[in-house]
Amino acid sequence: MKTTHVSDTWECGSPYEQYVGRWSRKIAPLFLAWLDQPVGQRWLDVGCGTGALSGAILDHCTPSSLVGVEPSEAFLKVAVQNLAGQASFLAGNAAALPLEGGACDVVVSGLVLNFVPALPAAIVEMMRVTVEGGIIAAYVWDYGDGMEIIKYFWEAAASLDSSAAQLHEGNRFLVCNPAALKAAFEDAGLAEVGTTPLDVIADFADFDEYWQPFLGGQGPAPAYAMSLPEGQRAALRAKLKSALPPATGGVISLRARAWAVRGATRSDAYKSINRTAGIHIQPRSLRDTSTPKPSLDPTRHSMDS
């Protein structure tokens, strides 16, 4: 087989939801339980996508305010439709967040860090908008091992086409393991950095339910599948069907693991970043949270349906 270039870009919400978005919605509450933040905090969801993590924040964390930032117009549209009136959504990216310094108490990002071209700069930007003593946290899929939905696909593809191995996210996204995530956060100057695995079970009623999302064409694996001629795609389907674990009661159960990382903004690093920007923000520990009030512009990003 001859491989073609595949894109990591996501543009449409519906194919994403069917592929991995629905499993992200199961991971998000586990991530938030691990963070265990007090109520009344000002939250920012960087790369909010279709709103899986934002929705979980609203359901489980009682934020005083929540802003989602996302570069994809199509994803923003889905997030606005799903969470209208409950959060603010802004167009933007991790390297240039459209918020003032110290505007947030908790900055989170779900399934995004491995797609950020300049991760160190993005983490510094997250630190800029986080109050001193605030929390920055994220999670990414364990592409190399625990995200079995994707792992089985690439193993089957590589058995038929050796060059497909270079497209495997586990080989390309080297930050998606606990050691690399911890190093990225510590190198940026965050303190009290820790990591944890987040595991859910993805159940598929049959093989067709598992296979169908790969025909959506978005994301590396679906894009690869749809780049193949029909005959080669059929061969991949057959190989993958034979490679999956045996179904139990007709149901195919696969593990979907993510790695989570968290850190706190240190006084010295925080002051250095915001001194450069000419910003002075009261530390989180001194801020009055007895009556939580949103400090972010409540103007919602509006889009035509």
Looking only at heavy atoms, which two atoms of Val116 and Ala122 are closest? And how far apart?
CG1-CB, 3.7 Å
Taking the side chain as C-beta and beyond, is there a heavy-atom pair between Val80 and Phe75 under 4.5 Å?
no
Any salt bridge linking Lys182 with Glu186? Criterion: basic side-chain nitrogen under 4.0 Å from a carboxylate oxygen.
yes
Starting at CD of Glu155, measure out to CG of Leu244 and round the result to the nearest 0.5 Å.
10.5 Å
Can you measure from CD (Gln81) to NZ (Lys77) and round to the nearest 0.5 angstrom?
6.0 Å
Interatomic distance, CG@Leu254 vs CD1@Ile201, rounded to 0.5 Å, equals 8.5 Å
For Leu99 and Val129, the nearest pair of non-hydrogen atoms, with its separation, is O-CG1, 3.9 Å
Given side-chain contact (heavy atoms from CB on, under 4.5 Å), test Tyr224 with Phe153 step by step and report yes or no.
CA-CA 10 Å; Tyr224 173 80; Phe153 175 92; 3.9 Å; yes
Quick check: closest heavy atoms across Arg42 and Ser64, and the distance to 0.1 Å?
CG-OG, 3.4 Å
Within the distance-only criterion (no hydrogens, no angle test), does the side chain of Glu70 pair as donor or acceptor with the backbone N or O of Ser72 below 3.5 angstrom?
yes
With clusters defined by side-chain heavy atoms of hydrophobic residues (ILVMFWY) lying less than 4.5 Å apart, directly or transitively, does Trp154 cluster with Leu215?
yes
If you define the side chain from C-beta out and look only at heavy atoms, does anything of Gln86 sit under 4.5 Å from Leu66?
no
In Å, rounded to the nearest 0.5 Å, how long is the span from CG of Asp105 to CG of Leu44?
11.0 Å
Determine yes or no for a side-chain-to-main-chain donor-acceptor pair under 3.5 angstrom, with Glu209 supplying the side chain and Phe207 the backbone.
no
Using the ring centroid of each side chain, check whether Trp23 and Phe204 are separated by less than 6.0 Å.
yes
Polar side-chain atom of Ser109 near backbone of Val46 as donor-acceptor pair, under 3.5 Å
yes
Taking atom CG of Leu90 and atom CG of Asp45, what is their separation to the nearest 0.5 Å?
11.5 Å
Cluster link Leu174 to Val140, ILVMFWY, side chain under 4.5 Å
no
Would you say that more than 12 heavy atoms from the other residues, nucleotides or ligands in this model lie under 6.0 Å from the CD of Glu192, or not?
no
Might you point out which heavy atoms bring Glu125 and Ala94 nearest each other, and give the distance in Å?
CG-O, 3.3 Å
Please confirm whether the backbone N or O of Val78 pairs with a side-chain atom of Thr50, one donor and one acceptor, at under 3.5 Å?
no
Closest non-hydrogen atom pair between Ser24 and Ala52, with its separation:
OG-CB, 3.9 Å
Can you check salt bridge (charged side-chain N to carboxylate O under 4.0 Å, His left out) on Lys239 and Asp161, steps first, answer last?
CA-CA 12 Å; Lys239 182 69 176 180; Asp161 171 14; over 6 Å; no
Scan Trp34, Phe31, Trp259 and name whichever one has a ring-ring contact (aromatic ring centres under 6.0 Å, His included) with Tyr139.
Phe31
May I have the step-by-step check of side-chain contact (heavy atoms from CB on, under 4.5 Å) for Phe173 and Phe115, ending in yes or no?
CA-CA 8 Å; Phe173 297 146; Phe115 294 111; 3.7 Å; yes
Rounding to 0.5 Å, atoms OG (Ser227) and CD (Gln232) come to a distance of 8.5 Å
Stepwise side-chain contact (heavy atoms from CB on, under 4.5 Å) test for Gln218 and Tyr19
CA-CA 9 Å; Gln218 285 196 84; Tyr19 179 42; over 6 Å; no
Between Asp206 and Lys241, does at least one N-O distance fall below 4.0 Å, as a salt bridge requires?
no
Could you check Leu181 against Val193 for side-chain contact (heavy atoms from CB on, under 4.5 Å), going step by step and ending with a plain yes or no?
CA-CA 9 Å; Leu181 289 168; Val193 177; over 6 Å; no
Contact between Thr248 and Ser253 at the side-chain level, heavy atoms closer than 4.5 Å - yes or no?
no
Any donor-acceptor N/O pair, Arg257 side chain to Tyr143 backbone, under 3.5 Å:
no
With a 4.5 Å heavy-atom cut-off, do Ile27 and Leu53 have their side chains touching?
no
Determine whether Leu198 and Thr196 make a side-chain contact, defined as any pair of heavy atoms from C-beta on separated by less than 4.5 Å.
yes
Given Asp203 and Tyr210, is the side-chain hydrogen bond (donor to acceptor under 3.5 Å, both in side chains) satisfied, shown in steps?
CA-CA 9 Å; Asp203 288 330; Tyr210 169 79; over 6 Å; no
Ile136 vs Val106 side-chain heavy atoms within contact, under 4.5 Å
no
Look at the side chain of Thr195 and the backbone N and O of Val261, then say whether any donor-acceptor pair between them is shorter than 3.5 Å.
no
Sub-4.5 Å side-chain heavy-atom contact between Met127 and Leu190:
yes
Nearest non-hydrogen partners of Phe214 and Ala221, listed with the distance:
CE2-CB, 3.8 Å
Heavy-atom side-chain contact between Val67 and Val69 under 4.5 Å
yes
Side-chain donor/acceptor of Asn171 to backbone N/O of Ala165, under 3.5 Å:
yes
Between Glu169 and Arg172, does any side-chain N to carboxylate O distance fall below 4.0 Å?
no
Arg255 side chain to Met147 main-chain N or O, any donor-acceptor pair under 3.5 Å?
no
